[in-house]
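Take a look at the structure below.
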Amino acid sequence: MIKTFLATLAGSLLALAAPLAVADPIVIKFAHVVTDDTPKGRGALQFQKLVQERLAGKVKVEVYPSSTLVGDADELEALRSNRVQMLAPSVSKLNALSKALRVYDLPYLFDNLEAVKRFQRRDKSRELLGSLVTHGITGLAYWNNGGRQLSATREIHAPADLKGLTFRVESSEVLAAYYQQLGAEAVQLPFAQVYDALRTGKVQGAENPWSNLLGQKINTVQPYIVEDNHSFLTYMLITNTSFWNALPFEIRSDLEAILDEVTQSVNRDAEGINAKARERVTASGTSKILVPTPAEREAWRAAVMPLIKKYEGEVGSDVLRAAEAANRR
Ligand code: LMR
């Protein structure tokens, strides 16, 4: 009897001495298609670092750059099935799911990156972060890259110079319509295929911010780059709605606070990162950089203005007016 009692007591004491079972951290797989040294690549790494510093043991972020885990073709499906928990695709790749997001692809709508950022802070644009919820996707923030620069195998000054060329575009009807409106062809290809498509001559042109041009070595296969900023590459940081809503409240709040901080740095630093990338492309001597004169710019604008009318119904007049107003402060 006494023996049994002692054995039970010893067992209980041992159980008390054993370390408490530690729950596994919540894992957030953050996949994207660009290199680490771009606004989005750096943002993802900064997010990983801050989560490691502030939520160690509770949350772990794994970053998969350069389409190493999933790419343009399968990343949305991976997010919706919770195989990855965070992505930051270009809004162009989301605008088949939410037509109002097409506002970001309309050419010559925003005068500069500052206007894009102002628009992103306003209600009409904030509302669009929630426009994918019916697809199981929650928008958390806008991250910016920079102006899209047109690049090609031939010198380009006016719309007529595009005739006969095929351009790679993201999976966006509006981006394709831009080239068709100008008398060229457009092919939608995943980002990971852009360099090869240019190198092999499958396409003769593309459109990218400087950081992506450099990151993918696109300048080495494009002898002419027109710095026209005809539209701006904006990302939406997105997550799986069920995953996000099921996070413990405290953890979700901490992640939101970290994301606010990262979003501010990404959007503050994007312009500088692109300016440095431009310097490196210039220094590499691979490409002639053409800066359109005000008159040339006006000719491009006039040629594609019908697209604004064409897509106004889908985008919504209220969203379009809010975007235009952001040019005026
Ligand atoms: C592209 O496909 O050109 C871009 O969306 C890639 C990126 O994520 O910057």
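Ligands are counted one by one from 1 in listed order, and the atoms in each one are counted from 1 as well. Just the heavy atoms: all of them, side chains too, but no hydrogens, waters or symmetry mates, feed the values below.
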Could K288 and Y224 be counted as a cation-pi pair, given that NZ or CZ must be under 6.0 Å from the ring centre and within 45° of the axis? no
When you check ligand 1 against the protein, what N or O pairs turn up below 3.5 Å? List the atom names and distances, or just say none.
residue	atom	partner	partner atom	Å
ligand 1	2 (O)	K93	NZ	2.8
ligand 1	2 (O)	R168	NH1	3.4
ligand 1	2 (O)	R168	NH2	2.9
ligand 1	3 (O)	R168	NH1	2.8
ligand 1	5 (O)	K93	NZ	3.0
ligand 1	5 (O)	E170	OE1	3.0
ligand 1	8 (O)	K40	NZ	2.6
ligand 1	9 (O)	N212	ND2	2.8
ligand 1	9 (O)	Y235	OH	2.5

Tell me whether D74 contacts the main-chain N or O of G71 through its side chain, where contact means a donor paired with an acceptor under 3.5 Å. yes
Do Y311 and W300 share a hydrophobic cluster, counting only Ile, Leu, Val, Met, Phe, Trp and Tyr and linking them when any side-chain heavy atoms are less than 4.5 Å apart? yes
Could you tell me if the ring centre of F167 sits under 6.0 Å from that of Y178? no
Mind running salt bridge (Lys or Arg N to Asp or Glu O under 4.0 Å) on E324 and R321 for me, showing each step along the way? CA-CA 5 Å; E324 285 168 342; R321 296 289 96 77; 3.0 Å; yes
Lys/Arg-Asp/Glu bridge criterion (N-O < 4.0 Å) met for R154, D161: no
